[in-house]
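Written out below as structure tokens is the structure these notes cover.
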Amino acid sequence: NAQETPEEDADNTIRELMKEWNTIGHVPFKEKDKLYKQYHAIIDKLFDKLNLSASQKKLSNFKSNIGKEGNIYREREKLVRAYENMKNEIQTYENNLGFLTSSSKKGSNLVTEMNRKVEKLKAIKKSMLGKMFPKEGASVPEIRFKGFTDDWEQRKFSDIATRESSVCTSASDTPSVEYEDVVAEEGRLNKDIRSKEVVKTGITFDGSQVLYGKLRPYLHNWLNPDFKGIAVGDWWVLKPVNMDKNFLYRLIQTQQFDNIANQSSGSKMPRSDWNLISSSEFMVPLSKEEQSKIGAYFDQLDHLITLHQRL
């Protein structure tokens, strides 16, 4: 891609390989831990070589590309239209999935078309995360829902979310969630975690919190559970404070949060620094309704993206 730097191209290639890894499926149980450690050791080395500079360069390129007011306006209008189209596409795809299978000719064409849509929607989602949250130094985002005009306010992260610390063991009605159970960057489970037979110990959650993977934060492990369970391993279980849960879930996916989370300690096993995150300030809307609408918008995007998994 002529518009990408070598670092950015390498970053994209690594993430494509990570996605492919997540689709491989189960391996012999005795080999699971060994392969998992080898995989992450390789990923760590690759990201160390990149020095995590790709995301910062992308941000600089974005700022230079939209330096003119006219460009911002045109891009805003284009993305707003895309949002309206997506709402209609969700219903269309759900209707089609009820009648078609991947083994039929029409079903096969639908799968191909959906895969193209998914890649496009992922790109739009990433762009919208940067536009529905204020840029550095701004008090409002570039794109807002109608009816909201008040400035957003700056809040320390510790004022909008707290870390849960209550520990318990997993059970049939409180399954364990581990890193390997979650598809990176997509925030969805890759297996039926209730079928696990091994009892694990971790931090409890009741469905009112969001999970953020603090180990190797560049892997983008996060989950928005609607069930009770146990977070096993290096998870932050974040409880929103006077904040819409779904909005908080999207805030931790923004570039600003990602940049801070990746200012981590440790080279072989980098972890996000809670003291740094909790003291950092983020712009948030005071209106719970606006928070809810933003969260619901990205929920719709995620819903559309995952529809192809049903075929």
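Please read these numbers as outputs of a predicted model, since none were measured by experiment.
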message: Check Asp181 with Lys191, please: is the shortest side-chain N to carboxylate O separation under 4.0 Å?
response: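 Result for this pair is yes, salt bridge flagged.
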task: Considering only NZ, NE, NH1 and NH2 on the basic side and carboxylate oxygens on the acidic side, decide whether Arg188 and Asp302 come within less than 4.0 Å.
output: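 Salt bridge: no.
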Judged by modelled atom types alone, do [X] and [Y] share a side-chain donor-acceptor pair under 3.5 Å?
X: Ser208; Y: Lys245; answer: no
X: Asn259; Y: Gln255; answer: yes
X: Lys196; Y: Ser170; answer: no

Would you kindly confirm whether [X] and [Y] end up in one hydrophobic cluster when ILVMFWY residues are joined by side chain heavy atoms under 4.5 Å apart?
X: Leu286; Y: Phe282; result: no
X: Ile294; Y: Val140; result: no
X: Val232; Y: Met269; result: no

- request: Starting from the C-alpha separation in whole Å, work towards a yes-or-no answer on side-chain contact (heavy atoms from CB on, under 4.5 Å) for Lys122 and Glu186.
  value: CA-CA 9 Å; Lys122 286 181 178 179; Glu186 295 186 21; 3.3 Å; yes
Between [atom1] on residue [X] and [atom2] on residue [Y], distance to nearest 0.5 Å:
X: Ser176; Y: Arg194; atom1: OG; atom2: CZ; answer: 11.0 Å
X: Asp234; Y: Arg271; atom1: CG; atom2: CZ; answer: 4.0 Å
X: Leu238; Y: Ile252; atom1: CG; atom2: CD1; answer: 6.0 Å
X: Leu248; Y: Gln253; atom1: CG; atom2: CD; answer: 10.0 Å
X: Phe298; Y: Met128; atom1: CZ; atom2: CE; answer: 6.0 Å
X: Ile193; Y: Lys200; atom1: CD1; atom2: NZ; answer: 12.0 Å

Which atoms form the tightest heavy-atom contact between [X] and [Y], and what is the distance?
X: Pro217; Y: Pro270; value: CD-O, 3.8 Å
X: Ser272; Y: Ala261; value: OG-O, 2.9 Å
X: His220; Y: Asp258; value: NE2-OD1, 2.9 Å
X: Met243; Y: Ile160; value: CE-CG2, 3.5 Å

task: Take Val241 and Asp159 through the test side-chain contact (heavy atoms from CB on, under 4.5 Å) and record every step on the way to the result.
output: CA-CA 7 Å; Val241 179; Asp159 292 333; over 6 Å; no
message: Going by the rule salt bridge (charged side-chain N to carboxylate O under 4.0 Å, His left out), which residues pair with Glu290 if we only count those two or more places apart in sequence or in a different chain?
response: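 Salt bridge (charged side-chain N to carboxylate O under 4.0 Å, His left out) list for Glu290, sorted by chain: Arg144.
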Side chains of [X] and [Y], heavy atoms from C-beta outward: is any pair under 4.5 Å?
X: Phe205; Y: Leu223; answer: no
X: Gln256; Y: Glu281; answer: no
X: Thr204; Y: Thr174; answer: no
X: Ile230; Y: Ile203; answer: no
X: Asn221; Y: Leu211; answer: no
X: Tyr212; Y: Ile277; answer: no
X: Phe133; Y: Trp152; answer: yes
X: Val284; Y: Leu251; answer: yes

query: Below 6.0 angstrom between ring centroids: does that apply to Phe257 and Phe157?
result: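 Ring centres of Phe157 and Phe257 closer than 6.0 Å.
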field: Reference residue Trp236; test side chain to side chain contact (heavy atoms under 4.5 Å, CB included); the match among Glu164, Gln209, Arg163
entry: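 The single option meeting the side chain to side chain contact (heavy atoms under 4.5 Å, CB included) with Trp236 is Arg163.
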I'd like to know if the side chain of [X] reaches the main chain of [Y], judged simply by a donor and an acceptor atom lying under 3.5 Å from each other, with no hydrogens or angles considered.
X: Lys293; Y: Phe145; answer: no
X: Tyr218; Y: Asn262; answer: no
X: Ser127; Y: Ala123; answer: no
X: Tyr179; Y: Leu215; answer: yes
X: Trp235; Y: Val177; answer: yes
X: Gln291; Y: Pro285; answer: yes
X: Lys135; Y: Gly130; answer: yes
X: Ser279; Y: Asn275; answer: yes
X: Gln263; Y: Asp273; answer: no

field: Over 12 non-hydrogen atoms of neighbours within 6.0 angstrom of CG in Asp151
entry: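 More than 12 heavy atoms, drawn from other residues, nucleotides or ligands, come within 6.0 Å of this atom.
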task: Determine, stepwise, if the pair Val182 / Leu189 fulfils side-chain contact (heavy atoms from CB on, under 4.5 Å).
output: CA-CA 5 Å; Val182 178; Leu189 297 172; 4.1 Å; yes
